[in-house]
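In what follows, a structure is listed as structure tokens, so that the remarks can point back to it.
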Amino acid sequence: MEQQVVKIINRSKHPLPSYSTLLSAGMDIRANLEEPIVLKPLQRVLVPTGLYMGLPAGFEAQIRPRSGLALKQGITVLNSPGTIDADYRGEIGVILVNLSDKEFVINDGERICQMVVARHCRVEWAEVEMLDDTERGAGGFGHTGVQ
């Protein structure tokens with residue numbers, strides 16, 4: 001399994017993000033709060049983490065919801081997946097939204113999302129008049145039918 005060294009500053013009161021299991025793709029990120037945040041139904045909030053990263057060129061970090069929070073509490077990452085670019089040096093903030101009908105309290109140190117670091121490439125456009133044909137063609141949403 002490939003590994004990449006990423007520089008990080010931890011100004012939170014919590015340990016660095018880490019993988020929960022050997023084959024985990026995402027690392028849990030924790031809220032870094034002075035006091036709890038009450039998130040009302042349909043309310044959104046930017047949650048600080050106290051983390052600052054220096055990703056290498058050609059990498060991004062994606063902020064994704066935690067499945068347990070989404071399923072059990074209706075809490076998700078609003079701009080999912082949120083993208084952290086390699087040239088961003090500010091504090092990582094997570095935009096959470098409460099899609100449930102109940103208030104949710106975010107406490108200091110609570111695991112609020114997961115982060116996946118991944119390679120990406122930049123594209124160079126080649127403008128053409130036609131595209132190669134494929135089996136799918138222009139079939140869009142629901143083109144394979146209901147099974």
Side-chain angles (χ1 to χ4, degrees), residues 1-127 131 134 136 138-147:
M1 189 173 306
E2 180 185 352
Q3 290 196 356
Q4 176 66 45
V5 174
V6 175
K7 295 177 182 178
I8 190 166
I9 296 171
N10 185 0
R11 294 191 178 136
S12 78
K13 304 173 282 294
H14 312 291
L16 287 175
S18 62
Y19 298 101
S20 295
T21 67
L22 183 63
L23 298 179
S24 293
M27 297 176 269
D28 287 337
I29 303 293
R30 297 177 183 275
N32 187 53
L33 304 173
E34 295 302 318
E35 57 189 47
I37 296 173
V38 177
L39 194 55
K40 295 182 181 349
L42 299 180
Q43 183 182 13
R44 62 188 177 270
V45 66
L46 181 64
V47 181
T49 65
L51 301 174
Y52 303 74
M53 292 190 305
L55 290 166
F59 285 83
E60 66 161 331
Q62 294 181 0
I63 302 299
R64 301 177 181 181
R66 293 190 69 236
S67 57
L69 271 182
L71 177 64
K72 297 172 186 171
Q73 306 294 335
I75 306 300
T76 192
V77 176
L78 186 58
N79 61 326
S80 182
T83 298
I84 301 169
D85 294 311
D87 56 355
Y88 178 68
R89 294 296 184 265
E91 180 179 8
I92 296 170
V94 179
I95 305 168
L96 292 182
V97 63
N98 183 350
L99 298 179
S100 79
D101 59 355
K102 298 180 181 75
E103 289 185 351
F104 179 77
V105 178
I106 305 167
N107 292 300
D108 181 50
E110 185 155 0
R111 296 176 300 159
I112 56 170
C113 67
Q114 57 182 324
M115 179 175 65
V116 174
V117 176
R119 288 187 184 275
H120 69 86
C121 68
R122 293 178 61 99
V123 300
E124 180 180 323
W125 295 114
E127 201 165 345
L131 299 174
T134 66
R136 179 176 181 172
F141 299 101
H143 81 282
T144 59
V146 179
Q147 299 294 333

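Reckoned from all heavy atoms, side chains included, excluding hydrogens, waters and symmetry mates.
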Report task. Can you run down the side chain to side chain donor-acceptor pair (under 3.5 Å) pairs that involve residues 45-62, sequence neighbours left out, and say none if there aren't any? Result -> Glu60-Gln62, Gln62-Arg64
Report task. Return each pair, listed once, that meets side chain to side chain donor-acceptor pair (under 3.5 Å) where at least one residue sits in residues 73-85; pairs must be two or more places apart or across chains. Result -> none
In Å and rounded to the nearest 0.5 Å, what is the [atom1] to [atom2] distance from [X] to [Y]?
X	Y	atom1	atom2	result
Arg89	Asp87	CZ	CG	7.0 Å
Asp101	Asn98	CG	CG	8.5 Å
Ile95	Leu46	CD1	CG	6.0 Å
Ser100	Leu69	OG	CG	11.0 Å
Ile112	Ile106	CD1	CD1	6.5 Å

Report task. Evaluate whether atom CG of Leu16 has more than 12 neighbouring non-hydrogen atoms of other residues, nucleotides or ligands under 6.0 angstrom away. Result -> yes
Report task. Inspect the surroundings of CZ in Arg44 and state if more than 12 heavy atoms from other residues, nucleotides or ligands are less than 6.0 Å away. Result -> no
Report task. Check the pair Leu42 / Val97 against side-chain contact (heavy atoms from CB on, under 4.5 Å), numbers first and verdict last. Result -> CA-CA 6 Å; Leu42 299 180; Val97 63; 5.8 Å; no
**Report entry** With Leu71 via side-chain contact (heavy atoms from CB on, under 4.5 Å) - residues at least two apart
**Finding:** none
Give every donor-acceptor pair under 3.5 Å between a side-chain atom in residues 24-40 and any protein atom, sequence neighbours left out.
residue, atom, partner, partner atom, Å
Ser24, OG, Thr21, N, 3.1
Ser24, OG, Thr21, O, 3.4
Ser24, OG, Thr21, OG1, 2.7
Asp28, OD1, Arg66, NE, 3.3
Asp28, OD2, Arg111, NH1, 2.9
Arg30, NH1, Gly109, O, 2.8
Asn32, OD1, Lys13, N, 3.2
Asn32, OD1, Lys13, NZ, 3.2

Identify every side-chain donor-acceptor pair in residues 1-10 under 3.5 Å, counting partners at least two apart or on other chains, and give the distances.
residue, atom, partner, partner atom, Å
Glu2, OE2, Arg119, NE, 3.4
Glu2, OE2, Arg119, NH2, 2.5
Asn10, OD1, Ser12, N, 2.9
Asn10, OD1, Ser12, OG, 2.6
Asn10, ND2, His14, O, 2.7

Requested in this report: May I have the step-by-step check of side-chain contact (heavy atoms from CB on, under 4.5 Å) for Phe104 and Leu96, ending in yes or no?
Outcome: CA-CA 11 Å; Phe104 179 77; Leu96 292 182; 6.0 Å; no
